[in-house]
Amino acid sequence: MGVTDVSGDMAGEMEVDAFRRLFPLRFYERHLSESIRPDARPLGKSRDTTVALGAVASADGSALAKIGHTTMLAAIKMEVMTPTSDSPDEGCIAIDFHMPAICSPLVRPGRPAEEAPVISKQLTDVILSSGMVNMKELCLIPGKAAWMAYLDIYCLDADGALFDAALLSAVAAFSHQEQVEGNSIKEPLNKGKRKLTLSSTPFALTCILHKKYILADPTAEEESIMETLVTVVLDVTGRLVSFYKPGGAFLAYTSAVQDCIALTRQRVKELQKILIDAIADMELD
């Protein structure tokens, strides 16, 4: 009897898995009609999220951020540069997003992932437009020396909502970064260090719009099946930094946009607490 039950359970699981592979949209819509997702999350709930600061010992600031299985490693390296004539009292930030082949079976070795430059530009736009980093704080000697912050973000596991996790890792890395102060180009590293003050702290939430449903923080499977994505970026004060809809058949009606923003406000509070806790854990260590 016990063997029969086990065999029946296995056969049932195989049938469900086969249906999921053959008819993925129908499989998801059956769950959505009951306001639940296959991973047992409610439609508006994000996946478990963690942040660890100081993940790269050789970097000037670093963080490892995980949203579900999606994993990002951010590292900052500071170098002294000559500021531009247009902004003689400001430093600069250069951002690169990398998707090595290990992050997804869809990324082929030796060929750059199509998403990488798109996410790099999104990150640059959001970090600069939000005023997250005060560029004047990166100045050492006006007109002569300033810091160039090279931010590299590596996607170690691409399981959906890549921009959300990348931005979280970037914010966490800058929170960890220690800016070297000095009034000498030749020996700035001999001077003291201090934390770089963030003028703004932006966080993102990506949602899927499908029929009458809104799914927060989608997995890679969900993104591949239901193509209309919306990404909202808010700072911790609730200010709208960015609204991004790359395409898709679904029209972003006002009510849907408002619902996405409301979900993002809730998510920002969650991420802010996660980051504060990570900073507190690092200081205790």
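As the structure is a computational prediction, the values presented were derived from the model and not from experiment. Keep in mind that the numbers below use all heavy atoms, side chains included, and drop hydrogens, waters and symmetry copies.
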side-chain contact (heavy atoms from CB on, under 4.5 Å) assessment of Thr254 paired with Gln258: CA-CA 6 Å; Thr254 301; Gln258 290 174 341; 3.7 Å; yes
Determine, stepwise, if the pair Met72 / Val51 fulfils side-chain contact (heavy atoms from CB on, under 4.5 Å). CA-CA 10 Å; Met72 299 288 170; Val51 170; over 6 Å; no
Go through the steps to decide whether Lys77 and Leu151 satisfy the test side-chain contact (heavy atoms from CB on, under 4.5 Å), and finish with yes or no. CA-CA 7 Å; Lys77 198 66 181 175; Leu151 170 63; over 6 Å; no
For Asp86 and Thr84: C-alpha separation, side-chain torsions, deciding distance, then whether side chain to side chain donor-acceptor pair (under 3.5 Å) applies. CA-CA 5 Å; Asp86 293 337; Thr84 64; 5.3 Å; no
Derivation and outcome, side-chain contact (heavy atoms from CB on, under 4.5 Å), residues Cys260 and Val257: CA-CA 5 Å; Cys260 291; Val257 171; 5.7 Å; no
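Counting only distance, with no hydrogens or angles, the side chain of Asp89 and the backbone of Lys136 share no donor-acceptor pair below 3.5 Å. Looking only at distances, no side-chain donor or acceptor of Ser242 sits under 3.5 Å from a matching main-chain atom of Val126. When atom types are taken as modelled, the side chain of Thr49 and the backbone of Arg47 share a donor-acceptor pair closer than 3.5 angstrom. For Ser62 (side chain) and Ala55 (main-chain N/O), a donor-acceptor pair under 3.5 Å exists by modelled atom type. Judged purely by atom type and a 3.5 angstrom limit, Arg267 has no side-chain atom pairing as donor or acceptor with the backbone of Thr206. Checking side-chain atoms of Ser224 against main-chain N and O of Glu221 turns up a donor-acceptor pair under 3.5 Å. Side chain of Ser120 to backbone of Phe97: a donor-acceptor contact under 3.5 angstrom is found. A distance-only check finds a donor-acceptor pair linking the side chain of Glu223 to the backbone of Ala161 [under 3.5 Å]. No donor-acceptor pair closer than 3.5 Å links the side chain of Ser87 to the backbone N or O of Glu90.
Under the 4.0 Å criterion applied to side-chain N and carboxylate O atoms, Lys66 and Asp157 are not assigned as salt-bridge partners.
In this structure, CD1 in Ile274 is found 7.5 Å from CG in Leu168, a value given to the nearest 0.5 Å. With rounding to the nearest 0.5 angstrom, the CG atom of Asp164 is 8.0 Å from the OG atom of Ser46. Atoms OG1 and CG, from Thr71 and Leu162 in turn, are 10.5 Å apart once rounded to the nearest 0.5 Å. Summarising the geometry, atom CD belonging to Glu115 is positioned 8.5 Å from atom SG belonging to Cys103; distances are rounded to the nearest 0.5 Å. One distance of note links CG of Leu156 with OG1 of Thr70; it measures 10.5 Å at 0.5 Å rounding. With rounding to the nearest 0.5 angstrom, the CG atom of Leu53 is 5.5 Å from the CE atom of Met282.
The shortest distance between side-chain heavy atoms of Phe203 and Leu275 falls below 4.5 Å. A heavy-atom distance below 4.5 Å is found between the side chains of Arg239 and Val241. Within the 4.5 Å cutoff, the side chain of His31 has no heavy atoms near those of the Arg37 side chain. Between Leu167 and Ile127, the closest side-chain pair of non-hydrogen atoms falls below 4.5 Å. The shortest side-chain heavy-atom distance between Val268 and Leu205 does not fall under the 4.5 Å cut-off. Looking at Leu128 and Met135, their side chains come closer than 4.5 Å, going by heavy atoms from C-beta outward. Between Val171 and Pro202, some side-chain heavy-atom pair lies under the 4.5 Å cut-off. Considering only heavy atoms from C-beta on, Asp125 stays 4.5 Å or farther from Leu123 through its side chain.
Minimum heavy-atom separation, Pro246 to Leu229: CD-O, 3.3 Å. The nearest pair of heavy atoms linking Ala40 to Ile36 is O-CD1, 3.4 Å. For Ala158 against Ser104, the heavy-atom pair with the smallest separation is CB-CB, 4.1 Å. Here the shortest heavy-atom pairing between Ala216 and Gly44 reads CB-O, 3.6 Å. When all heavy atoms of Pro83 and Pro88 are compared, the pair lying nearest together is CG-O, 3.4 Å.
Taken together through direct or relayed side-chain contacts under 4.5 Å among Ile, Leu, Val, Met, Phe, Trp and Tyr, Met148 and Ile141 form parts of separate hydrophobic clusters. Leu198 is connected to Ile153 through a chain of hydrophobic side-chain contacts under 4.5 Å among Ile, Leu, Val, Met, Phe, Trp and Tyr, so both are in one cluster. Linking ILVMFWY residues whenever their side-chain heavy atoms come closer than 4.5 Å, directly or via other members, leaves Phe163 and Leu106 in distinct clusters. Both Ile225 and Ile208 sit in one connected hydrophobic cluster of ILVMFWY residues. Membership requires side-chain heavy atoms under 4.5 Å apart, directly or through other members. Linking ILVMFWY residues whenever their side-chain heavy atoms come closer than 4.5 Å, directly or via other members, places Leu263 and Val236 in the same cluster.
The number of heavy-atom neighbours closer than 6.0 Å to NZ of Lys45, taken from other residues, nucleotides and ligands shown, is 12 or below. For His98, the NE2 atom sits in a packed shell: over 12 heavy atoms of surrounding residues, nucleotides or ligands are nearer than 6.0 Å. Few gaps surround CG on Asp96; more than 12 heavy atoms of other groups in view lie less than 6.0 Å from it.
Side chains of Ser200 and Ser130: no donor on one and acceptor on the other come within 3.5 Å.
If you run side-chain contact (heavy atoms from CB on, under 4.5 Å) between Phe243 and each of Val233, Leu234, Val232, Thr264, only Val232 comes through.
In this structure, Tyr213 and His210 have parallel ring planes: the angle between them is below the 30° cut-off, well short of the 60° mark.
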